[in-house]
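Data first, discussion second: the structure below is written as structure tokens.
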Amino acid sequence: MKQTNDTSITIATYSTDWEAHIAEGVLSNEGIPCTLTNETFSSIYPIGFNSIGGINLVVPAEYADTARRLLGLTAQEDSPES
């Protein structure tokens with residue numbers, strides 16, 4: 001789990017934009033606010049994109065446990081590929 005600022009947490013990192021958007025949609029449909037970061041780099045720099053960190057799914061800290069549960073992640077994971 002990576003802390004991105006005082007109130008938001010990166011709960012997952014995706015290597016493709018479509019995976020990130022599906023996860024974002026799942027959370028949005030459940031009313032959980034979320035943001036994707038590094039998304040622009042995936043289209044500008046697709047080769048080697050994972051070397052700069054992938055697309056991060058960020059949620060407010062108070063929604064982190066619920067978001068992980070909905071996406072099938074554990075607290076120790078920060079990526080669905082782990």
Side-chain angles (χ1 to χ4, degrees):
M1 169 171 56
K2 295 175 227 160
Q3 195 84 17
T4 58
N5 65 35
D6 292 338
T7 61
S8 296
I9 295 176
T10 298
I11 61 160
T13 301
Y14 297 91
S15 58
T16 63
D17 61 347
W18 63 268
E19 290 173 306
H21 283 283
I22 289 172
E24 179 187 37
V26 168
L27 298 183
S28 294
N29 284 339
E30 294 295 325
I32 297 175
C34 56
T35 305
L36 297 175
T37 63
N38 291 342
E39 183 179 12
T40 304
F41 289 114
S42 71
S43 59
I44 295 172
Y45 187 60
I47 298 173
F49 173 65
N50 285 331
S51 66
I52 61 170
I55 301 171
N56 299 317
L57 180 60
V58 180
V59 300
E62 63 267 22
Y63 293 97
D65 291 336
T66 303
R68 283 189 196 99
R69 182 180 47 78
L70 288 168
L71 296 175
L73 303 172
T74 65
Q76 290 77 33
E77 292 178 311
D78 71 350
S79 173
E81 291 90 29
S82 296

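To the nearest 0.5 Å, atoms CG (D65) and CG (L70) are separated by 11.0 Å. Atom CD1 of I9 and atom CG of N56 lie 13.0 Å apart (nearest 0.5 Å). Separation of atoms CG (L71) and OG1 (T66) is listed at 11.0 Å; rounding is to 0.5 Å.
Checked by atom type and distance alone, the side chain of N38 pairs as donor or acceptor with a backbone atom of G54 at under 3.5 Å.
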What side-chain donor-acceptor pairs closer than 3.5 Å can you find for residues 25-36, not counting sequence neighbours?
residue, atom, partner, partner atom, Å
S28, OG, E24, O, 3.0
N29, ND2, G25, O, 3.3

Under the side chain to side chain contact (heavy atoms under 4.5 Å, CB included) rule, what do T37 and T10 come out as? Steps first, then yes or no, please. CA-CA 9 Å; T37 63; T10 298; 5.5 Å; no
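The heavy-atom pair separating A20 from I55 by the smallest distance is CB-CG2, 3.7 Å.
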